[in-house]
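Read through the structure below, which is laid out as C-alpha cells, and then see the notes.
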Amino acid sequence: KQIESDLYKAVNRDTAIRILQETIMNNKLLSSDTDKEKALIEYFRLFGYDYETLKTFLLIERVGRTDYLNISFWSVNPNLSALVVNALGQEFLNYYKNLSSQRTGENAEGIRKMVTAQQNRIDSLGKQLYNEKVKQGSIDPISLSTSAMETVKELETRLAEEKSKQNEHLNRKQYLTERLNTLEGS
C-alpha cells in the first residue's frame, strides 16, 4: 500500500539519505518549511515513523536522581526495538558531548577575554603608579608628601588586587582548558 503511493515514488532515496545525514550532523530537526524536508516528514508518516507515532512507542525517563536514562521502545520486532534504543542512547551521548564542548569553549573564551581585560587594567594601574611617582619628583620617602604616599599606597593596593583577580582568572582558564581537553578526549 505505502510502496504504491505517489509520495513513496516521489522521494529520491539518495537525496533523502543526504538530507538526513546533514540534518543529523548539524543537530537539527527536519523542517516543514522546505519542500524536500516536508516530503521526508510525510514519507516517514506514511510508514508510521513520524514524531507523534514514534512517541506512542517510546518512553525516555531519568533514573532517579542520577545522570542515567531509561530508554524503552516497543515494536513487533525486538531487533528494531534494540536498534532504536541503542541509536537514541548514542545520539543523546553525542548531543551531550557536543553541548558540553560548546559550553566549555564559550566559557574558556569568556575567561580569556576577562584575563585580557584584567591584564589591561593591571598595566593601566602600573602606569598610573609610575606616573604618580614621576609627578612627585622622586621615590625618596623623605621628599614625598603625605597625600602622595596615600596615592601610591592606594594604587599599589589596587594593583595587587587586580593581580590577584588575574591569577584567579588564569587558574579558572587553566581548569576549563583541562576540562575541555578531558571532554574532547572522551
Side-chain angles (χ1 to χ4, degrees), residues 1-118 165-186:
K1 173 183 161 185
Q2 292 100 337
I3 295 175
E4 296 170 4
S5 74
D6 292 337
L7 179 60
Y8 179 82
K9 294 174 185 174
V11 172
N12 179 306
R13 185 175 188 270
D14 294 332
T15 303
I17 290 172
R18 183 185 48 78
I19 290 171
L20 291 172
Q21 286 174 337
E22 288 174 7
T23 305
I24 290 170
M25 292 300 291
N26 294 323
N27 272 340
K28 294 184 179 178
L29 298 174
L30 289 175
S31 169
S32 58
D33 294 340
T34 63
D35 291 337
K36 288 183 180 181
E37 290 184 17
K38 185 176 183 177
L40 280 176
I41 292 170
E42 293 302 318
Y43 182 80
F44 289 137
R45 185 173 287 124
L46 182 69
F47 289 93
Y49 290 122
D50 59 296
Y51 177 73
E52 290 302 322
T53 305
L54 287 175
K55 235 174 49 171
T56 61
F57 299 106
L58 178 66
L59 175 66
I60 301 175
E61 54 189 3
R62 187 174 183 177
V63 177
R65 293 182 173 210
T66 68
D67 288 339
Y68 293 102
L69 294 177
N70 184 23
I71 304 172
S72 301
F73 186 79
W74 293 272
S75 74
V76 294
N77 182 342
N79 291 332
L80 177 61
S81 294
L83 176 72
V84 170
V85 167
N86 291 332
L88 284 172
Q90 189 59 49
E91 280 306 310
F92 176 78
L93 289 174
N94 291 341
Y95 174 77
Y96 183 75
K97 285 179 184 178
N98 187 24
L99 185 64
S100 295
S101 177
Q102 286 175 353
R103 285 185 179 165
T104 304
E106 290 169 1
N107 289 342
E109 183 60 31
I111 289 175
R112 198 173 1 261
K113 288 179 181 177
M114 287 191 310
V115 167
T116 301
Q118 287 298 101
K165 288 179 186 178
Q166 180 189 23
N167 285 335
E168 287 177 28
H169 292 301
L170 287 171
N171 289 337
R172 181 72 179 151
K173 177 187 171 216
Q174 180 181 358
Y175 167 77
L176 287 173
T177 302
E178 289 171 0
R179 181 84 172 118
L180 176 61
N181 290 338
T182 301
L183 287 172
E184 288 175 347
S186 61

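Numbering starts at 1 and runs along the sequence shown.
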Any chance [atom1] of [X] has more than 12 other-residue heavy atoms, nucleotides or ligands included, within less than 6.0 Å?
X	atom1	result
N26	CG	yes
N77	CG	yes
R179	CZ	no

Next on the checklist: Could you check whether any side-chain heavy atom of F44 comes within less than 4.5 Å of a side-chain heavy atom of L20, counting everything from C-beta outward?
Outcome noted: yes

Checklist entry - Side chains of E37 and I19: closer than 4.5 Å at any heavy-atom pair? => result yes

If you take all heavy atoms of [X] and [Y], which pair is closest and at what distance?
X	Y	answer
L54	G48	CD2-O, 4.2 Å
Q118	H169	CG-CD2, 3.6 Å
A16	L40	CB-CD2, 3.4 Å
A39	V11	O-CG2, 4.5 Å

To the nearest 0.5 Å, what is the distance between [atom1] ([X]) and [atom2] ([Y])?
X	Y	atom1	atom2	answer
L80	F57	CG	CZ	10.5 Å
D50	L30	CG	CG	12.0 Å
I24	Q21	CD1	CD	7.5 Å
T182	L176	OG1	CG	11.0 Å
S32	I41	OG	CD1	5.5 Å

Checklist entry - With respect to I71, which candidate in L59, L58, V84 satisfies the side-chain contact (heavy atoms from CB on, under 4.5 Å) definition? => result L58

Next on the checklist: Go through it in stages, so that I can follow the logic: the residues are N12 and K36, the test is side-chain contact (heavy atoms from CB on, under 4.5 Å), and I'd like the CA-CA distance, side-chain angles, deciding distance and then a yes or no.
Outcome noted: CA-CA 10 Å; N12 179 306; K36 288 183 180 181; over 6 Å; no

Please answer whether the main-chain N or O of [Y] pairs with a side-chain N or O of [X] as donor and acceptor at a distance below 3.5 Å.
X	Y	answer
R62	T66	yes
S81	F73	yes
T53	Y49	no

Item to check | Polar side chain donor-acceptor pair, N94 to Q90, under 3.5 angstrom | outcome: yes

Item to check | Stepwise side-chain contact (heavy atoms from CB on, under 4.5 Å) check, E61 with L69 | outcome: CA-CA 6 Å; E61 54 189 3; L69 294 177; over 6 Å; no

Next on the checklist: Pair R45, E42 - check salt bridge (charged side-chain N to carboxylate O under 4.0 Å, His left out), show working.
Outcome noted: CA-CA 5 Å; R45 185 173 287 124; E42 293 302 318; 2.6 Å; yes

Item to check | Non-neighbouring partners of T177 that pass side-chain hydrogen bond (donor to acceptor under 3.5 Å, both in side chains), sequence neighbours left out | outcome: none

Checklist entry - Could R18 and E22 be called an ion pair, given the rule that one side-chain N must be under 4.0 Å from one carboxylate O? => result yes

Item to check | Ionic contact status for K55 with E52, cut-off 4.0 Å | outcome: yes

